[in-house]
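Okay, structure first, notes after.
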Amino acid sequence: MMVAVLLPWWAMAAIWAQPKFSKPHGLYEVGTLTVTISPQGEGTEIRYTTDGSEPTAQSLLYSNTLRLTKTTILRAVEVKDGEVVSEVSTASYILMKSVLSQPNNPEGYPKEWGDYTQMWGTAIADYEMDPEMTENASLRQYIIEGMKQLPILSIVSDKDNFFSHENDPERGGIYIFTGPPVGDATGHGWTRPASVELMGGPQQHDLSVNCGIRLHGGHGRLAEKNPKHSFRLVFKKEYGPATLNYPVFGEDEPSQFDQLVLRCHFGNSWQHWMEGNREKAQYARDVWARRMQRKLGHISANALYVHLFLNGMYWGLYNIAERVDDQFGKNHLGGKKSDYDVIKVEEDGGNHLEASEGDLEAWDLMVATAAKASDPSCYQQLDSLLDIDAMIDYMLINQYGGNTDWDHHNWYAIRRKGTDSPGFQFLCWDTEIIFENPEENVLSLKNKGYPSGIFHNLMKNNDFAWRYLQRARELLADDGLLGPSQVVEVWDSLYHTISYALYDEAARWGDYRRDVHPYTSRGKLYTVDGYYMAERNRLLTKYFPVRTKRVLNDIVRFVGDIPSGMATITTPATETPYYNLNGQPVAHPTKGIYIKDGRKVVIH
């Protein structure tokens, strides 16, 4: 039975108020910062904490101006007659000198994290900014500049919500019980309350919001493979607003989110368990694929690079990504949340397809229809089941990148329901293992019922084969969007976004495999100048200049001879009209495939 609690008038008035801080949250390059706290309700006192925990009526009583000499997480509430009568105000004051001297033994935090899953032992905790870098005069300046280059995302919660070793679904720490997809799944899905602040950076962000936080990812949750985990922010009424309303990715992009993913960059990163991955660290591959998909004219998950802090401790370079869900569909394709099917490969319990939104009915029909694509009538039925043009571009992005960690996982497909639906669209996701071997050829990849298997079935249809080949020739031309100059343009834009921030990441995680957990063999000290720039130079001189032509040649051989029924002409005639493949007249056809006199012609 529900019991109504009647509050006095002053409590009703104050419950929506919050204590106000005299200084905005953010990054400060000062030795001492003074902050005052002002109540917004009548006759209330202020109680506060500085360790990330939620203040109560028994917390420290505020009476005088606070002098902050180190990074401080200030949280405050208003109290009247021994009861909390306000929401919690939270402000993260990040002092640069604290970042540079971040120790390995923060008070109250454990020396060990979670158990290893596929080997014996327990993860050694690592909180330190490497003094080998922060005390180097030259590197120190780069680290300072790097911290100012990006927005700061500060996540604040009671430290036990992250690091408690108590094996309990309500009280256990999500960084201790990571719920990996193999081995002991304890902790999977555990969500904890948190305060999140996005602040500063070139866009001058200013967001404070309460939400839930949980770990995200597959094998990146294994403590031995990756000490720097990804997170997911969950917006639900039990934690704060049911939906975040804030332009995280800019004023011209969607501003409503039910979930956001904080990607740690696991593949090809300095903390990765494999030496070969660590030496290829660039922190831009996955974002490149998503940006390129957008550049080709399709939807993709937005990304924002940030510096992440947990309870005031620097945790490294992350990127905030849109979560592909029903809200994502509504944001990018319109309609209602209930209009969407979202399909992905779920890694927990073994890789298997699931509909994270909607159901698999239309997906199964699309896959079955594509399997019969050699029949022209079946191929025509795909018009409302699969966005063919988007599918072709998606495949070309992954084929160009030589993606070897796909498509047994690491992809999404989304579809808006309805009679006017363009069908399923595939989205690049977790595209981290690309740009490795300039001669890599993934065209033979053929996983039944997955993107590559669908692609191979579609290639049995002459219309699709020609459509794919012509698009490949267009994109993989020297001046095409997957030509060397266009690819490097996107790549360099990402590098220049994080060029200094990389020094902060190196100081936080560059020594982990050398000094903390070597895994199977002792790693090195990974630095920007020593390792990052060497890989960047390899890509700019030995990969991008030759990759475009190599992929196009592979595709031409893969497609083979011109299918029968296709005519090839060099210049268009003008006596009879041309139509595009959608049946629309084209007055001045250029290179491409057209319908003329009832048959397809190719204009070169």
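Along the sequence shown, residues carry numbers from 1. Bear in mind that the values here come from a model prediction, so they are computed numbers and not experimental data. Values below: all heavy atoms of this structure, side chains included; hydrogens, waters and symmetry mates excluded.
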request  = Decide side chain to side chain contact (heavy atoms under 4.5 Å, CB included) for Glu224 and Trp273; before the verdict, give the C-alpha distance in whole Å, the side-chain angles of both, and the deciding distance to 0.1 Å.
outcome  = CA-CA 7 Å; Glu224 66 269 32; Trp273 58 294; over 6 Å; no
query = Counting N and O atoms only, with roles assigned by atom type, does the side chain of Arg140 sit under 3.5 Å from a partner on the main chain of Leu100, one being a donor and the other an acceptor?
reply = no
task = Show the numbers, then the answer: is there a side chain to side chain contact (heavy atoms under 4.5 Å, CB included) between Ile434 and Trp288?
result = CA-CA 10 Å; Ile434 59 173; Trp288 176 89; 4.0 Å; yes
inquiry  = Evaluate Thr497 against Leu150 for side chain to side chain contact (heavy atoms under 4.5 Å, CB included), listing each step before the verdict.
reply    = CA-CA 8 Å; Thr497 299; Leu150 299 176; 4.1 Å; yes
ask   = Closest approach of Phe177 and Ser164, non-hydrogen atoms and distance?
value = CE1-O, 3.7 Å
task = Would you please test Arg536 and Asp492 for salt bridge (Lys or Arg N to Asp or Glu O under 4.0 Å) and show each step?
result = CA-CA 10 Å; Arg536 174 169 162 77; Asp492 276 353; 2.9 Å; yes
query = Parallel, tilted or perpendicular: which fits the ring planes of Tyr532 and Trp270, with parallel below 30° and perpendicular above 60°?
reply = perpendicular
task = Examine the side chains of Asp184 and Thr186 and answer whether a donor and an acceptor come within less than 3.5 Å of each other.
result = yes
query = Under 3.5 Å, is there a donor-acceptor pair linking the side chains of Thr90 and Arg75?
reply = yes
Cation-pi, Trp190 ring and Arg214 (6.0 angstrom, 45 degrees) = no
message = If the threshold is 4.0 Å, N to carboxylate O, is there a salt bridge linking Arg47 and Glu45?
response = yes
request  = Using distance alone, with no hydrogens and no angle criterion, decide if Asp529 and Tyr503 have a side-chain donor and acceptor under 3.5 Å apart.
outcome  = yes
message = Ignoring hydrogens, what is the shortest heavy-atom contact between Asp126 and Tyr512? Give both atom names and the distance.
response = OD2-CD1, 3.5 Å
key: NZ/NE/NH1/NH2 to OD/OE distance under 4.0 Å, Asp405 and Arg285   = no
request  = With sequence neighbours left out, write down each residue that passes side chain to side chain donor-acceptor pair (under 3.5 Å) with Asn167, or none if nothing qualifies.
outcome  = none
task = Would you indicate whether the side-chain heavy atoms of Ile320 and Leu153 approach each other to under 4.5 Å?
result = yes
task = Say whether, by atom type as modelled, one donor and one acceptor occur between the side chain of Ser208 and the main chain of Glu197 under 3.5 angstrom.
result = no
message = Less than 4.0 angstrom from a charged side-chain N to a carboxylate O is my criterion; do Arg263 and Asp430 meet it?
response = yes
ask   = Is the closest side-chain donor-acceptor distance between Tyr246 and His205 under 3.5 Å?
value = yes
inquiry  = Any donor-acceptor pair under 3.5 Å linking the side-chain atoms of Tyr526 with those of Arg278?
reply    = yes
query = Taking Ser230 for the side chain and Cys264 for the main chain, is one N or O donor matched with an acceptor at less than 3.5 Å?
reply = yes
task = Without swapping roles, check the side chain of Tyr305 against the backbone of Leu317 for a donor-acceptor pair under 3.5 Å.
result = no
message = Do the side chains of Asp258 and Lys337 get close enough for a salt bridge, i.e. N-O under 4.0 angstrom?
response = yes
message = If you compare all heavy atoms of Lys159 against all heavy atoms of Asp51, which two are closest, and at what distance to 0.1 Å?
response = NZ-OD2, 4.5 Å
ask   = Charged N to carboxylate O below 4.0 Å: is that the case for Arg171 and Glu166?
value = yes
query = For the residue pair His272 and Arg513, what are the closest heavy atoms and their distance?
reply = O-NE, 3.3 Å
task = Just say parallel, tilted or perpendicular for the rings of Tyr142 and Tyr500, cut-offs at 30° and 60°.
result = tilted
ask   = Should we say atom NZ of Lys97 is surrounded by more than 12 heavy atoms from elsewhere, each under 6.0 Å from it?
value = yes
task = Answer yes if the ring centres of His216 and Phe231 are under 6.0 angstrom apart, and no otherwise.
result = no
ask   = Between the main-chain N or O of Gly52 and the side-chain N or O of Thr49, is there a donor-acceptor pair closer than 3.5 Å?
value = no
message = Can you tell whether the side chains of Arg514 and Glu132 come within less than 4.0 Å, N to carboxylate O?
response = yes
query = Hey, are Asn268 and Glu432 close enough side-chain-wise for a donor-acceptor pair under 3.5 Å?
reply = no
query = With a 6.0 Å cut-off on ring centres, are Tyr116 and His517 close enough?
reply = yes
task = From the options Lys70, His307, Met199, select the one residue that forms a side chain to side chain contact (heavy atoms under 4.5 Å, CB included) with Ile94.
result = Met199
inquiry  = Can you confirm whether Val85 sits close enough to Thr44 that some side-chain heavy atom of one is under 4.5 Å from a side-chain heavy atom of the other?
reply    = yes
message = Taking Lys228 first and then Glu505, would you say they form a salt bridge - that is, a charged N and a carboxylate O separated by under 4.0 Å?
response = yes
message = When you measure from the side chain of Gln293 to the backbone of Ser300, do you find a donor-acceptor pair of N or O atoms at a distance under 3.5 Å?
response = no
task = Go through the side-chain N and O atoms of Tyr93 and His25 and say whether any donor and acceptor fall under 3.5 Å apart.
result = no
request  = Check whether the ring centres of Trp113 and Tyr127 lie less than 6.0 Å apart, and answer yes or no.
outcome  = yes
query = Do the side-chain N and O atoms of Arg290 and Asn302 include a donor-acceptor pair separated by under 3.5 angstrom?
reply = no
request  = Please lay out, stage by stage, how Glu253 and Arg294 fare under the test salt bridge (Lys or Arg N to Asp or Glu O under 4.0 Å).
outcome  = CA-CA 12 Å; Glu253 295 296 332; Arg294 180 72 65 91; 3.2 Å; yes
key: Glu275 with Lys524: basic N within carboxylate O range, under 4.0 Å   = yes
ask   = What pair of heavy atoms forms the shortest contact from Phe328 to Ala301, and how long is it?
value = CE1-CA, 3.9 Å
ask   = Between Asn226 and Gln271, does any side-chain donor sit less than 3.5 Å from a side-chain acceptor?
value = yes
Shortest non-hydrogen contact between Ser86 and Val84, atoms and distance = O-CG1, 3.5 Å
task = For Thr191 and Gly189, indicate whether the former's side chain and the latter's backbone hold a donor-acceptor pair under 3.5 Å.
result = yes
Working for salt bridge (Lys or Arg N to Asp or Glu O under 4.0 Å), residues Arg522 and Asp515 = CA-CA 8 Å; Arg522 189 168 187 245; Asp515 299 337; 3.7 Å; yes
task = Please determine, by modelled atom types, if Glu322 and His332 share a side-chain donor-acceptor pair under 3.5 angstrom.
result = yes
request  = Indicate, with yes or no, if the rings of Phe249 and Phe257 have centres closer together than 6.0 Å.
outcome  = yes
query = Do the two ring centres, one from Tyr175 and one from Trp315, sit under 6.0 Å apart?
reply = yes
task = Please check if the side chain of Asp286 supplies one atom and the backbone of Thr431 the other of a donor-acceptor pair under 3.5 Å.
result = yes
key: Any donor-acceptor N or O pair under 3.5 Å, side chains Thr122, Asp115   = yes
query = Sub-3.5 Å donor-acceptor pair from the side chain of Thr72 to the main-chain atoms of Leu74, do we have one?
reply = no
ask   = Would Glu489 and Lys295 count as a salt bridge (Lys or Arg N to Asp or Glu O under 4.0 Å) if you check the C-alpha gap in whole Å, the side-chain angles of each, and the deciding distance to 0.1 Å?
value = CA-CA 11 Å; Glu489 181 179 298; Lys295 190 168 184 176; 3.3 Å; yes
request  = Return yes if a side-chain donor-acceptor contact under 3.5 Å exists between Asn311 and Tyr109, otherwise no.
outcome  = yes
task = State, with a plain yes or no, whether a side-chain heavy atom of Glu112 is found less than 4.5 Å away from one of Ile124.
result = no
query = So, Ser269 side chain and Ala281 main chain: donor-acceptor pair closer than 3.5 Å or not?
reply = no
